[in-house]
Amino acid sequence: MIIELAFEKAFGEPGPNMCWFGEPREYLHLINRLHPLGTGTGLTITSDDLADIITLKDCDGFILKSSEKGTVLSKLSGRTILMELNPALWREILINPLIISFKPSFAYVEFDDLELTEEANIIMESLSCSAEEYFRRLES
C-alpha cells in the first residue's frame, strides 16, 4: 500500500491530496490496524506504526489521533499530515476502506455538513494490482 501526498490535482480534486493506493485485501488489513481509533480517545497511530504495510510517496509521515473533541480531518505541516478526530468520526472514516475492500474502486473522505479543519483531500483507491505495479505503469 502506498500513501502519496500530491499537491497537484488528483481524481478531479484540487491539491493538496492525501491519496491512499492499495489492493482490496490491503484495505481490509488497514481497517484492523486503524480500528482502535474508533474505540476510544487518547490513541495515536503514526506512519512509523504502519511501516510494515505502508510506503510513503512524497510524504514525510502522518499522525492519526483519536481525541474527545478532535475536528482535524487533515492538517499539513510541511509534508507531514495530522488527522485528529473523535472516535465517532473515525468510525465513519473507516467505512470507506471497508467499502473498497470488496473490489477495486475509490472513495473520497468527506464531511460536508461538519466544520472540520481540512487542508488536504483524502482519497482512497483500491487497485486490481499492487500499488507499486500501478505506479510503475504510470511512469512508463
Side-chain angles (χ1 to χ4, degrees):
M1 176 170 269
I2 292 176
I3 295 179
E4 177 182 29
L5 180 58
F7 285 91
E8 66 278 352
K9 189 174 188 177
F11 300 95
E13 295 290 326
N17 294 293
M18 182 184 189
C19 301
W20 302 60
F21 299 95
E23 294 176 74
R25 63 179 173 76
E26 292 174 311
Y27 279 100
L28 196 54
H29 188 64
L30 179 68
I31 293 166
N32 286 321
R33 299 285 291 274
L34 299 182
H35 184 271
L37 294 169
T39 64
T41 60
L43 301 165
T44 300
I45 298 174
T46 69
S47 48
D48 289 342
D49 297 326
L50 302 175
D52 60 317
I53 62 169
I54 289 178
T55 301
L56 300 175
K57 182 174 181 182
D58 300 325
C59 178
D60 292 337
F62 59 83
I63 303 164
L64 312 176
K65 293 184 174 186
S66 181
S67 65
E68 186 176 325
K69 297 185 181 190
T71 59
V72 178
L73 182 57
S74 59
K75 183 169 179 60
L76 295 174
S77 177
R79 292 193 162 277
T80 300
I81 300 165
L82 168 69
M83 296 174 69
E84 183 172 354
L85 300 165
N86 65 52
L89 291 174
W90 277 115
R91 288 190 294 272
E92 286 190 49
I93 284 178
L94 292 175
I95 289 169
N96 291 287
L98 176 62
I99 290 169
I100 64 176
S101 72
F102 292 101
K103 65 178 185 172
S105 55
F106 66 90
Y108 296 96
V109 176
E110 295 188 271
F111 293 98
D112 291 334
D113 55 336
L114 298 176
E115 290 188 32
L116 302 175
T117 300
E118 183 179 7
E119 294 181 1
N121 300 304
I122 300 170
I123 304 167
M124 299 177 180
E125 182 176 20
S126 60
L127 308 165
S128 59
C129 61
S130 72
E132 293 79 6
E133 177 63 23
Y134 174 79
F135 279 99
R136 274 194 298 275
R137 291 178 188 173
L138 285 178
E139 292 169 358
S140 60

Co-membership, hydrophobic cluster, residues [X] and [Y], 4.5 Å side-chain:
X: Ile93; Y: Ile45; result: yes
X: Val72; Y: Met18; result: no
X: Leu64; Y: Met124; result: yes
X: Leu114; Y: Ile122; result: yes
X: Leu43; Y: Ile31; result: no

Kindly compute the distance separating [atom1] ([X]) from [atom2] ([Y]), expressed to the nearest 0.5 Å.
X: Ser128; Y: Glu23; atom1: OG; atom2: CD; answer: 8.5 Å
X: Thr55; Y: Met1; atom1: OG1; atom2: CE; answer: 10.5 Å
X: Leu28; Y: Leu98; atom1: CG; atom2: CG; answer: 7.5 Å
X: Ile2; Y: Glu26; atom1: CD1; atom2: CD; answer: 9.0 Å
X: Leu89; Y: Leu73; atom1: CG; atom2: CG; answer: 8.5 Å
X: Tyr27; Y: Asn96; atom1: OH; atom2: CG; answer: 10.0 Å

Keeping the roles fixed (side chain from [X], backbone from [Y]), state whether a donor-acceptor pair exists under 3.5 Å.
X: Asn17; Y: Glu8; result: yes
X: Ser126; Y: Pro24; result: no
X: Ser66; Y: Gly40; result: yes
X: Glu119; Y: Leu76; result: yes
X: Ser74; Y: Ala120; result: yes
X: Trp90; Y: Leu85; result: yes

request  = Just jot down the ring pair (Phe, Tyr, Trp, His ring centres under 6.0 Å) partners of Tyr108, sequence neighbours excluded, or say none.
outcome  =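 With sequence neighbours excluded, Tyr108 shows a ring pair (Phe, Tyr, Trp, His ring centres under 6.0 Å) to Phe106, given in chain and number order.
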
[X] and [Y]: which non-hydrogen atoms are nearest, and at how many Å?
X: Ile3; Y: Cys59; answer: O-CB, 4.4 Å
X: Phe7; Y: Gly78; answer: CZ-O, 4.3 Å
X: Ser47; Y: Gly61; answer: OG-CA, 3.3 Å
X: Asn86; Y: Glu68; answer: CB-O, 3.5 Å

Residues which pass side-chain hydrogen bond (donor to acceptor under 3.5 Å, both in side chains) with [X], listed by chain and number, not counting sequence neighbours:
X: Asp48; answer: none
X: Glu84; answer: Ser67
X: Asp52; answer: Arg33
X: Arg79; answer: none

ask   = Considering residues, nucleotides and ligands other than Lys9, do more than 12 of their heavy atoms fall under 6.0 Å from its NZ?
value =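 No, NZ of Lys9 has 12 or fewer neighbouring heavy atoms, counting only those of other groups under 6.0 Å.
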
ask   = Yes or no on side chain to side chain contact (heavy atoms under 4.5 Å, CB included) for Leu30 and Trp20, after CA distance, side-chain angles and deciding distance?
value = CA-CA 11 Å; Leu30 179 68; Trp20 302 60; 3.6 Å; yes

task = Determine whether Leu94 and Leu37 make a side-chain contact, defined as any pair of heavy atoms from C-beta on separated by less than 4.5 Å.
result =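 No. Closest side-chain heavy atoms not under 4.5 Å.
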
Side-chain heavy-atom pair Lys65, Leu82 within 4.5 angstrom cut-off =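 In short, these two side chains touch, coming nearer than 4.5 Å.
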
key: side chain to side chain contact (heavy atoms under 4.5 Å, CB included) between Thr44 and Asp49, intermediate numbers included   = CA-CA 9 Å; Thr44 300; Asp49 297 326; 5.7 Å; no

task = Report the C-alpha separation of Leu5 and Phe62 in whole Å, then their side-chain angles, then the decisive distance to 0.1 Å, and conclude whether the side chain to side chain contact (heavy atoms under 4.5 Å, CB included) test is met.
result = CA-CA 10 Å; Leu5 180 58; Phe62 59 83; over 6 Å; no

message = I'd like to know if Arg137 pairs up with Glu133 as an ion pair, taking the criterion as any Lys NZ or Arg NE/NH1/NH2 lying under 4.0 Å from an Asp or Glu carboxylate oxygen.
response =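 A salt bridge links Arg137 with Glu133.
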
request  = Not counting sequence neighbours, list each pair that qualifies as a ring pair (Phe, Tyr, Trp, His ring centres under 6.0 Å) and has a residue in residues 119-140.
outcome  =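 The answer is Phe21-Tyr134, Phe21-Phe135.
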
